[in-house]
Amino acid sequence: MTGRPAPAVLPSPLRTWLGLIAALAALVVVALGVLYAGHDEPGRVDRWVIQPTADSVRPPWRRVALATDFLGEPAGAAMLVVAAVAGCLLLRRPRAAVFIVAGAAMAVGTTKVLKPMVGRTIHDGHLSYPSGHTAFLTALALMVALLAAGRLGLGRTAGASLVLAAALVAGAAMGWAQVALGAHYPTDVLGGWCTALAVIPATAWLVDRTADAGRREPS
């Protein structure tokens, strides 16, 4: 099969850097999971940040926290994914659309697998580690930033800065909402953020490898 190759979803200047970040993030996820396995109360770091089991915000900031939290709920997350996929298809980038769906599914799916394995709970016995809301929004921001970096042809420094800034802003926003509403401990949020950092580069590499292998197959 011939023709112009589709743009990679994992820009080549960022592959090594993101691979190192993903490996470090995976280690953090595992370390925190082992440290807080089976716990049902905040740890020392959690208490230092805030008492996470009581609502700590009042209107109007509580409404902001609830609106942010909605973006990680099934309906809100579906809206964001559909919008991102539609944008990719309008730009004629089907590989990017597949990446958005696969990355979101992998980020959320990983947290759902890890929660019962770790067994950490917050009020009313809800499994809390790692935060799926934080993982989802961070993952989506990472994917959009990666696609933007590739489309703009950014080099390693500029591309890495864009990707890291997107991950920090999205993770901080959703993390704040989750802790403020008493849905998660701060370390749950950190675990969710690192889950996205670990999963998304691997998903991008897999999507690129699968798509490129398909193009090489004889017609």
Worksheet item: Between CG of L127 and CD1 of I122, what distance do you get to the nearest 0.5 Å?
Response: 11.5 Å
Item to complete: Supply the members, apart from V82, of the Ile/Leu/Val/Met/Phe/Trp/Tyr cluster built from side-chain contacts under 4.5 Å; use none for a lone residue.
Response: none
Worksheet entry | Linked hydrophobic residues, V30 as query - side chain contacts closer than 4.5 Å | V34
Worksheet item: Who are the salt bridge (charged side-chain N to carboxylate O under 4.0 Å, His left out) partners of D69, not counting sequence neighbours?
Response: none
Worksheet item: Does Y129 use its side chain to pair, donor to acceptor, with the backbone of H184 at less than 3.5 Å?
Response: no
Discussion item. Taking G182's backbone N and O only, do any of them form a donor-acceptor pair with H123's side chain (distance below 3.5 Å, no angle check)?
Written reply: yes
Discussion item. Looking at R15, I'd like to know if its CZ atom is crowded, meaning that more than 12 non-hydrogen atoms belonging to other residues, nucleotides or ligands lie closer than 6.0 Å.
Written reply: yes
Item to complete: Could you pull out all residues at least two apart from T134 that satisfy side-chain hydrogen bond (donor to acceptor under 3.5 Å, both in side chains)?
Response: S131
Item to complete: Please list all pairs passing the side-chain hydrogen bond (donor to acceptor under 3.5 Å, both in side chains) test where one or both residues lie in residues 104-120, with sequence neighbours left out.
Response: D46-R120, R120-T187, R120-D188
Discussion item. The test is side-chain contact (heavy atoms from CB on, under 4.5 Å); show your working for L181 and R62 and say whether it passes.
Written reply: CA-CA 8 Å; L181 294 172; R62 180 170 175 78; 3.3 Å; yes
Worksheet item: Of all residues at least two apart in sequence or in a different chain, which pass the ring pair (Phe, Tyr, Trp, His ring centres under 6.0 Å) check with Y36?
Response: H39
Worksheet item: For R95 and D212, what are the C-alpha separation, side-chain angles and deciding distance, and is it a side-chain contact (heavy atoms from CB on, under 4.5 Å)?
Response: CA-CA 10 Å; R95 182 186 300 197; D212 292 339; 2.8 Å; yes
